[in-house]
**Student:** 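Sharing a structure with you now.
The structure presented is a predicted model; accordingly, all values stated were derived computationally and were not measured. A, B, ... follow the sequence lines: proteins, then strands. Residue 1 opens every chain.
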Protein chains: 2
Amino acid sequence: MKLSKTEEQLMQHLWKLEKAFMKDILEQYNEPKPATTTIATLLKRMTDKGYVSYATFGKSREYYPLIKKEDYFSNHLNGLIKNFFNDSASQFASFFTKETNLSDTELKDLRKIIDQQIKDNNK
Amino acid sequence: MKLSKTEEQLMQHLWKLEKAFMKDILEQYNEPKPATTTIATLLKRMTDKGYVSYATFGKSREYYPLIKKEDYFSNHLNGLIKNFFNDSASQFASFFTKETNLSDTELKDLRKIIDQQIKDNNK
DNA sequence: TTTTATATTCTACATTTGTAGAGTAATATT
DNA sequence: AATATTACTCTACAAATGTAGAATATAAAA
């Protein structure tokens, strides 16, 4: 099952912290911070969904993500690509470079990465 | 207000058809097709949200999207990038080229696009 | 014109999501 | 030890979402 928007946000914090107690998580939020119970509810739901686990330390818990950000994102992206670009990553790529205003440096960096990729592919 | 998942799917069909009557829309769905009323509900919600409009033709309506797929997608993508890559498109690009398995040809095409972009930027 | 297929509106309802209070247990502070 | 703080569970509830039946109007087919 997928994460909802707010759950995803919480995930971001967990990915950043790697592992965190309730108070660490709360710290990550900007004013107006959500109620502790709200976070607790989200954490429980995320645990149920299989995205989060925790280690019990005395009375409280240290939460940590069960999925790597990269993996989660990969799926996400694949869904997007499938939906919007007939499952064609290259079509997406082309759209992407046109629509996102990358600076010259960024574009050159990107080209470098691509060249590297081509090289790797042929190895 | 954003579109939900199913609404987004319906949008895809509208984008593809450009304009469509109820029956054209239903045709787009695979078995098991949703009930007509389900589509009707979605269309109404989407109309309320400002994504869809229609022309009345006698008894029924020809629906059409009010937003271009590209624009809608652009926002979408920007959200993603913001969330997952600290608002850095280039960071995203790099992730993208690494994670998506583009073929050699696709990569070369992409490089071509990038070169073109660089050229355009400096014009 | 009687029957049938279609489109639309209204109503409904279960599930998911966003948010948090009340209650309780454990821990830290005075 | 008495009190305040913190984390957690349970319960709740409004809004959004997914899905569709009932009723109605209308147009198409027989």
Side-chain angles (χ1 to χ4, degrees), chain A residues 1-14 17 19-67 72 75-76 79 83, chain B residues 1-14 17-67 72 75-76 79-80 83:
Chain A
M1 196 192 281
K2 242 189 70 70
L3 294 175
S4 77
K5 272 286 160 263
T6 21
E7 288 167 349
E8 217 170 77
Q9 228 174 293
L10 212 173
M11 262 322 248
Q12 296 287 352
H13 293 142
L14 281 185
L17 299 169
K19 46 189 178 168
F21 291 95
M22 175 58 81
K23 79 186 189 74
D24 306 320
I25 296 172
L26 268 172
E27 255 172 38
Q28 298 290 306
Y29 283 84
N30 295 341
E31 245 37 87
K33 288 178 194 296
T36 317
T37 47
T38 302
I39 302 296
T41 304
L42 291 176
L43 283 170
K44 171 171 281 247
R45 288 179 186 165
M46 291 160 83
T47 305
D48 289 347
K49 290 183 182 179
Y51 286 90
V52 168
S53 188
Y54 52 82
T56 313
F57 274 70
K59 50 103 194 187
S60 60
R61 302 162 174 180
E62 192 170 39
Y63 298 94
Y64 57 88
L66 287 177
I67 293 100
Y72 182 82
N75 291 349
H76 229 252
N83 259 312
Chain B
M1 198 189 281
K2 242 188 70 67
L3 294 175
S4 78
K5 272 286 160 261
T6 20
E7 288 167 348
E8 217 170 77
Q9 229 174 293
L10 212 174
M11 261 323 248
Q12 297 287 351
H13 294 141
L14 282 186
L17 299 169
E18 298 187 27
K19 46 189 178 166
F21 290 95
M22 175 57 80
K23 81 186 187 73
D24 305 321
I25 296 171
L26 268 172
E27 253 171 39
Q28 298 291 305
Y29 283 84
N30 295 340
E31 245 35 91
K33 288 178 193 296
T36 317
T37 47
T38 302
I39 303 297
T41 305
L42 292 176
L43 283 169
K44 170 171 283 245
R45 287 180 186 164
M46 290 160 83
T47 305
D48 289 346
K49 289 183 181 179
Y51 285 90
V52 168
S53 188
Y54 52 80
T56 312
F57 273 70
K59 50 103 193 188
S60 60
R61 302 163 173 179
E62 192 169 40
Y63 297 93
Y64 56 88
L66 286 176
I67 293 100
Y72 182 82
N75 290 350
H76 230 251
L80 261 198
N83 259 312

**Student:** Does a side-chain N or O of B:S4 approach OP1 or OP2 of D:dG18 to a distance below 4.0 Å, or not?
**Tutor:** yes
**Student:** List the steps and the verdict of side-chain contact (heavy atoms from CB on, under 4.5 Å) for A:Y54 and A:L43.
**Tutor:** CA-CA 10 Å; A:Y54 52 82; A:L43 283 170; over 6 Å; no
**Student:** Check whether any side-chain nitrogen or oxygen of A:R61 sits under 4.0 Å from OP1 or OP2 of D:dT9, and answer yes or no.
**Tutor:** yes
**Student:** On DNA chain C, compare the nucleotides closest to A:M1 and A:A35; which residue's is nearer the 5' end?
**Tutor:** A:M1
**Student:** Nearest whole angstrom, please: distance from the P of D:dT17 to the CG of B:D48.
**Tutor:** 12 Å
**Student:** Atom CD1 of A:I25 and atom C1' of D:dC8: how far apart are they, to the nearest Å?
**Tutor:** 13 Å
**Student:** May I ask you to test the B:V52-B:M11 pair for a side-chain heavy-atom distance under 4.5 Å?
**Tutor:** yes
**Student:** Please state whether the phosphate of D:dG18, meaning OP1 or OP2, lies under 4.0 angstrom from any side-chain nitrogen or oxygen of B:T38.
**Tutor:** no
**Student:** Whole Å only: how far is the CZ atom of A:F57 from the C1' atom of D:dA7?
**Tutor:** 15 Å
**Student:** Roughly, in whole Å, what's the span from CD in A:Q9 to P in C:dT17?
**Tutor:** 15 Å
**Student:** Taking for each residue the nucleotide of DNA chain D bearing the nearest heavy atom, is the 5' side occupied by A:E62 or by A:R45?
**Tutor:** A:E62
**Student:** If you find the nucleotide of DNA chain D closest to B:P34 and the one closest to B:K49, which residue's nucleotide is nearer the 5' end?
**Tutor:** B:K49
**Student:** With heavy atoms under 4.0 Å as the rule, sort A:Y63 into base, sugar-phosphate or nothing.
**Tutor:** sugar-phosphate
**Student:** For the residue pair B:H13 and B:E27, establish whether any side-chain heavy-atom pair is separated by less than 4.5 Å.
**Tutor:** no
**Student:** Check the phosphate of C:dT8 against B:S60, side-chain N and O only, distance under 4.0 Å to OP1 or OP2. Yes or no?
**Tutor:** no
**Student:** Check every atom of D:dA16, C:dA7, C:dT8 against the side chain of B:T37 and return the nucleotide holding the closest atom.
**Tutor:** C:dT8
**Student:** Salt bridge check: are A:E8 and A:K2 linked by an N-O gap of less than 4.0 Å?
**Tutor:** yes
**Student:** Please report, rounded to the nearest Å, how far the P atom of D:dT19 is from the CD atom of B:E7.
**Tutor:** 11 Å
**Student:** Between C:dT16, C:dT9, D:dG18, which nucleotide has the shortest distance from any of its atoms to the side chain of B:T6?
**Tutor:** D:dG18
**Student:** For the side chain of B:K5, counting heavy atoms from C-beta on, which of D:dA16, D:dG18, C:dG18 is nearest?
**Tutor:** D:dG18
**Student:** Report yes if the side chains of B:L14 and B:Y51 come closer than 4.5 Å at any heavy-atom pair, otherwise no.
**Tutor:** no
**Student:** Roughly, in whole Å, what's the span from CE in A:M46 to P in D:dT9?
**Tutor:** 15 Å
**Student:** B:K44 NZ to D:dG18 P: how many Å, rounded?
**Tutor:** 18 Å
**Student:** By nearest heavy atom, map A:L42 and B:K23 onto DNA chain C; which one lands nearer the 5' end?
**Tutor:** B:K23
**Student:** Mind calculating the distance between CZ (B:F21) and C1' (D:dA27) to the nearest angstrom?
**Tutor:** 13 Å
